Amino acid sequence: MKKDFYFKYLTLMLWFPLLWTCGKLIYSPYVANISNRQLNKFNEIKLAELAKQGKFTDVFKVAIMSDNHEYFQSLSKQIDYINKHRDEIAFALHLGDVTNLGLLLEYEQFYDVIKDLSVPYFVVIGNHDMLSNGLELYQQLLGSELNFSFDFNHVKFILFNNN
């Protein structure tokens, strides 16, 4: 009896630091509470303002990113590159898989990196983003619409959930 108690206690002591990091319980795939930002809609408004200013009227470039999963350092380098060329790039599209497991911590890490992007951006959901409670987190952070479109300089862009 005493031996079982010590074994359970020791196991808990070894795992607790891994389960509790920076005040956040990170092991649970069911935590789904992130501030409601609706970033896709917000960036659609920013892009419309760019169009009204007459910027990128003839030719424009679009930056394409995808599948960063948990490689946020690599995503940060891509964002630095886009920011350096922001006068040439009208907006950016992320084609999904911003997370690996759809966890709250991954969505927060993604936001901490993507918020530094100086051009409007849009993110479509990927299959990894829908794992755990990822669908709910995606909708809170990026937008409730999984399929959406927008127009820019007489070109229609359609982003859809192909999961």
Side-chain angles (χ1 to χ4, degrees), residues 4-47 61-86 89-150 152 157-163:
D4 286 340
F5 171 78
Y6 287 120
F7 178 75
K8 289 178 183 176
Y9 180 76
L10 181 61
T11 302
L12 180 63
M13 292 303 292
L14 291 172
W15 281 100
F16 188 76
L18 297 174
L19 301 177
W20 191 272
T21 304
C22 301
K24 296 180 183 178
L25 197 59
I26 62 170
Y27 81 96
S28 176
Y30 304 108
V31 175
N33 186 13
I34 196 167
S35 62
N36 193 351
R37 291 194 167 90
Q38 302 292 312
L39 294 175
N40 284 332
K41 187 58 79 179
F42 174 75
N43 282 295
E44 189 174 351
I45 294 167
K46 282 175 55 176
L47 191 62
K61 293 180 182 179
V62 178
I64 306 289
M65 304 174 282
S66 75
D67 296 281
N68 63 270
H69 297 282
E70 72 266 4
Y71 301 108
F72 298 108
Q73 187 175 11
S74 176
L75 179 63
S76 183
K77 288 178 184 177
Q78 294 171 16
I79 288 172
D80 289 344
Y81 179 85
I82 294 168
N83 287 344
K84 286 178 188 171
H85 297 89
R86 68 178 167 261
I89 299 172
F91 59 92
L93 297 174
H94 195 295
L95 303 180
D97 286 349
V98 302
T99 70
N100 196 37
L101 299 171
L103 299 174
L104 173 62
L105 181 65
E106 293 173 318
Y107 273 102
E108 288 174 338
Q109 290 172 318
F110 172 74
Y111 177 71
D112 286 343
V113 174
I114 199 79
K115 71 181 180 188
D116 294 332
L117 192 55
S118 62
V119 299
Y121 59 89
F122 302 91
V123 180
V124 68
I125 195 164
N127 63 321
H128 284 253
D129 303 326
M130 295 181 78
L131 298 175
S132 308
N133 265 1
L135 176 59
E136 186 176 340
L137 291 165
Y138 172 90
Q139 290 176 317
Q140 290 173 11
L141 180 64
L142 294 156
S144 58
E145 299 295 325
L146 300 182
N147 302 308
F148 59 97
S149 64
F150 61 92
F152 184 72
F157 292 86
I158 301 170
L159 290 86
F160 65 95
N161 171 15
N162 68 343
N163 290 295

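Positions are given from 1, in the same order as the sequence printed here. Just the heavy atoms: all of them, side chains too, but no hydrogens, waters or symmetry mates, feed the values below. Since the structure is predicted, the reported quantities are computational estimates derived from the model, not experimental observations.
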Looking at side-chain heavy atoms only, is the closest gap between [X] and [Y] below 4.5 Å?
X      : Y      : value
Tyr111 : Arg37  : yes
Thr99  : Tyr138 : no
Gln139 : Leu146 : yes

Heavy-atom pair of closest approach, residues [X] and [Y]:
X      : Y      : value
Asn161 : Asn147 : N-OD1, 2.6 Å
Phe160 : Val124 : O-CG2, 3.4 Å
Val119 : Ile89  : CG1-O, 3.6 Å
Ser66  : Leu95  : CB-CB, 3.8 Å
Met65  : Leu75  : SD-CD1, 3.8 Å
Pro120 : Ala90  : CD-O, 3.5 Å

Are the side chain of [X] and the backbone of [Y] linked by a donor-acceptor contact shorter than 3.5 Å?
X      : Y      : value
Gln109 : Leu104 : no
His128 : Leu101 : no
Asp129 : Gly134 : no
Asn163 : Asn127 : yes
Glu44  : Asn40  : no
Asn43  : Tyr121 : yes
Asn83  : Ser118 : yes

Exercise. Stepwise, does the side-chain contact (heavy atoms from CB on, under 4.5 Å) test hold for Val123 with Leu39?
Worked result: CA-CA 8 Å; Val123 180; Leu39 294 175; over 6 Å; no
Just verifying a value: how many Å separate [X] [atom1] and [Y] [atom2], rounded to the nearest 0.5 Å?
X      : Y      : atom1 : atom2 : result
His94  : Leu159 : NE2   : CG    : 12.0 Å
Ser144 : Lys41  : OG    : NZ    : 8.5 Å
Phe72  : Glu108 : CZ    : CD    : 10.5 Å
Glu106 : Asn68  : CD    : CG    : 9.5 Å
Ile82  : Ile64  : CD1   : CD1   : 9.5 Å
Tyr107 : Glu136 : OH    : CD    : 10.5 Å

Exercise. Per the ring pair (Phe, Tyr, Trp, His ring centres under 6.0 Å) rule, which among Phe148, Phe91, Phe152 passes with Phe157?
Worked result: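 For Phe157, the ring pair (Phe, Tyr, Trp, His ring centres under 6.0 Å) check succeeds only for Phe91.
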For this session: Take Leu47 and Phe122, measure what side-chain contact (heavy atoms from CB on, under 4.5 Å) needs, and give me the verdict at the end.
Result: CA-CA 10 Å; Leu47 191 62; Phe122 302 91; 3.9 Å; yes
Exercise. Can you list the residues that meet the salt bridge (charged side-chain N to carboxylate O under 4.0 Å, His left out) rule with Lys46, with sequence neighbours excluded?
Worked result: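 Lys46: no salt bridge (charged side-chain N to carboxylate O under 4.0 Å, His left out) contacts found.
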